[in-house]
Chemist: 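Before anything else, here's the structure in question.
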Amino acid sequence: MAVMNKLPTLTEPIETPDKPKSIIDILLKYLIMLWRYRVLMGIITASGTFVVFTFCLLTKLLPPEINPMPNQYTAQAVLLVDRDSSGGGIGSILASYGMNLGLGSSSGGNNIDLILTILDSRPFLDLLVEEFDIINERRIKLDPKTNSRLIIQNMSSHWYDKTSNTLTLSCTHTDPEYAADFVNRQIELLEQWYTQFGGQRAEKDLHLLEVQLANQEGQIARLEDEIKKFQQENNTISIEDLAALQAKMIGDLRTQITQIDLQIQTAQQFSQAAIESESLINLRLQRNNLNYMISQLEKGYSGGVKIMPSAEELPDLAIKYTKLRQEAEIQATVYQKLREQYEIANLNQERAEAFSVMEYAEVPELKDSPRRSVIVVGGFFVSLLISILVAFILEYSGQVIDIIKEKIKNEQS
């Protein structure tokens with residue numbers, strides 16, 4: 001009977017352990033719970049997505065000056081770097097800035113490291129700040145030097161690809177033309193500094209020849225102007241031709257005088273009258289006129305107007321003109337020789353360039369950022385997650401409150 005009393009009766013419930021719930025049951029439970037809050041979740045998700053969409057739409061319409069998220073355009077240029085060449089040119093640039101890396105002008109160096117050092121150097125950044133007027137454009141009042149350099153560094157970037165030995169320069173700005181101009185200006189400054197401080201003998205010789213050629217061109221232009229002025233003042237292209245013309249004109253007049261003299265002699269022989277005939281008088285007048293014309297031509301006049309130098313001036317003018325022509329020919333010969341040397345030096349120069357430009361920066365047509373469609377989609381998912389979180393909080397906040405109330409009630413009882 002004692003054993004029978006320990007057995008449970010048929011009317012008493014038998015306690016069975018809780019069966020573990022499957023993942024599907026848990027998911028169904030949560031889905032049912034979320035379905036109860038579907039309206040609230042829809043409102044929260046739609047509101048959040050609408051706010052993000054409205055913000056993106058405004059940032060697309062507002063001008064860049066007052067736009068919290070303006071369009072950003074990135075311009076890029078690619079340089080091919082001669083990694084194994086002599087670091088003389090760039091090393092001289094660094095030496096001019098007091099940045100001695102222990103590389104002499106004749107020792108081998110790593111061009112890419114030197115170029116990167118220049119791009120991040122203070123003088124290079126300050127020059128870009130000055131040319132693009134960063135301080136006034138951004139209205140920097142506090143620590144203008146430091147902050148303006150930081151703006152340049154944040155706006156531009158550069159990276160080196162070891163496999164292809166290419167250096168990429170880029171600039172990101174709200175103005176696409178500004179970004180392209182900035183990158184191309186960086187390249188120009190690098191080229192100018194490398195040429196100016198290169199320290200390469202062939203490059204210096206080439207630069208010297210360019211200067212000499214420019215000076216020679218100036219000398220030739222000056223002589224040509226003097227020759228033109230000389231010709232305009234004397235109304236002639238060539239003094240020799242002018243002298244020949246003057247001699248011919250005077251010779252023709254003297255020939256006419258000789259013919260008139262023969263006519264006068266003939267007329268005097270056949271004239272028996274004491275008074276000279278009218279024809280003889282005309283001949284004498286013609287002879288006097290021709291002599292007057294000869295004297296005028298010898299002085300350079302014709303019809304009372306000076307049309308050419310006098311016969312006395314012609315020798316000196318011819319000497320002066322000859323000297324000008326000879327000097328011009330000498331300068332032209334010197335220029336031709338220098339030009340030949342320049343072409344030879346330009347073709348046969350053996351210098352190690354630090355870099356060559358593969359692609360200059362072009363004005364970007366497409367914006368680089370922001371990707372507003374991605375932002376709107378991200379806003380949708382964030383709003384959805386927030387709505388789910390709110391649903392969980394509302395669902396379990398009541399249970400938590402009931403548990404707290406039950407504990408308080410048990411403690412009081």
Side-chain angles (χ1 to χ4, degrees), residues 77 79-80 82 85-86 88-93 95-97 105-106 118 123-124 127-128 130-131 180-181 183-245 308-309 313-361:
L79 308 180
L80 179 61
D82 188 357
S85 65
S86 171
I90 303 298
S92 299
I93 301 177
S96 67
Y97 290 127
S105 60
S106 61
I118 290 173
F124 191 87
L127 187 56
L128 291 172
E130 180 180 357
E131 290 195 7
D181 292 342
V183 174
N184 290 330
R185 184 54 183 163
Q186 281 184 309
I187 298 175
E188 291 176 1
L189 291 177
L190 282 175
E191 290 176 339
Q192 291 175 7
W193 288 7
Y194 184 80
T195 301
Q196 183 177 0
F197 301 104
Q200 300 291 335
R201 179 62 181 273
E203 195 165 285
K204 288 184 177 180
D205 292 342
L206 194 64
H207 179 68
L208 180 60
L209 284 172
E210 290 176 352
V211 174
Q212 291 177 345
L213 282 172
N215 293 335
Q216 208 63 30
E217 289 176 354
Q219 291 288 340
I220 293 174
R222 179 184 61 80
L223 289 172
E224 288 177 349
D225 291 339
E226 290 186 7
I227 292 174
K228 289 179 183 179
K229 183 179 179 181
F230 179 87
Q231 292 172 342
Q232 291 173 356
E233 291 177 351
N234 297 282
N235 297 321
T236 183
I237 297 177
S238 172
I239 293 296
E240 291 82 0
D241 295 340
L242 182 61
L245 177 61
M308 64 181 67
E313 296 174 340
L314 281 177
D316 294 335
L317 292 176
I319 294 173
K320 181 179 179 181
Y321 181 76
T322 301
K323 288 182 178 180
L324 287 175
R325 292 296 305 174
Q326 289 177 348
E327 187 176 355
E329 291 174 0
I330 292 172
Q331 297 297 334
T333 303
V334 173
Y335 176 82
Q336 185 64 28
K337 295 295 183 182
L338 289 174
R339 189 69 188 180
E340 292 175 359
Q341 294 180 12
Y342 176 79
E343 294 298 336
I344 293 173
N346 195 27
L347 292 174
N348 299 331
Q349 60 176 332
E350 296 180 359
R351 63 172 184 173
E353 293 185 348
F355 63 89
S356 57
V357 182
M358 292 183 61
E359 295 180 0
Y360 282 97

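We count residues from 1, following the sequence as given. Owing to the predicted nature of the structure, the values given are computational and were not obtained by experimental measurement.
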Chemist: CZ/Phe355 to CG/Leu190 distance, rounded to the nearest 0.5 angstrom?
Modeler: 4.5 Å
Chemist: Ignoring hydrogens, what is the shortest heavy-atom contact between Tyr335 and Glu217? Give both atom names and the distance.
Modeler: OH-OE2, 2.9 Å
Chemist: Working to the nearest 0.5 angstrom, can you tell me the gap between Ile118 CD1 and Phe124 CZ?
Modeler: 8.0 Å
Chemist: Let me confirm one number: the CG-CG distance from Leu213 to Leu208, rounded to the nearest 0.5 Å.
Modeler: 9.5 Å
Chemist: For Glu131, what residues pass the salt bridge (charged side-chain N to carboxylate O under 4.0 Å, His left out) criterion, not counting sequence neighbours?
Modeler: Arg185
Chemist: Tell me, please, which residues at least two apart from Val334 pass side-chain contact (heavy atoms from CB on, under 4.5 Å).
Modeler: Gln216, Ile330, Leu338
Chemist: Checking Glu210 now: which residues fulfil side-chain contact (heavy atoms from CB on, under 4.5 Å) with it, not counting sequence neighbours?
Modeler: Leu206, His207, Tyr342
Chemist: CG/Leu223 to CD/Glu329 distance, rounded to the nearest 0.5 angstrom?
Modeler: 11.0 Å
Chemist: Check Ala77 against Ala361 and note the closest heavy-atom contact, atom names and distance.
Modeler: CB-N, 3.7 Å
Chemist: Not counting sequence neighbours, which residues clear side-chain hydrogen bond (donor to acceptor under 3.5 Å, both in side chains) with Gln219? List them please.
Modeler: Arg222
Chemist: Not counting sequence neighbours, which residues clear salt bridge (charged side-chain N to carboxylate O under 4.0 Å, His left out) with Glu359? List them please.
Modeler: none
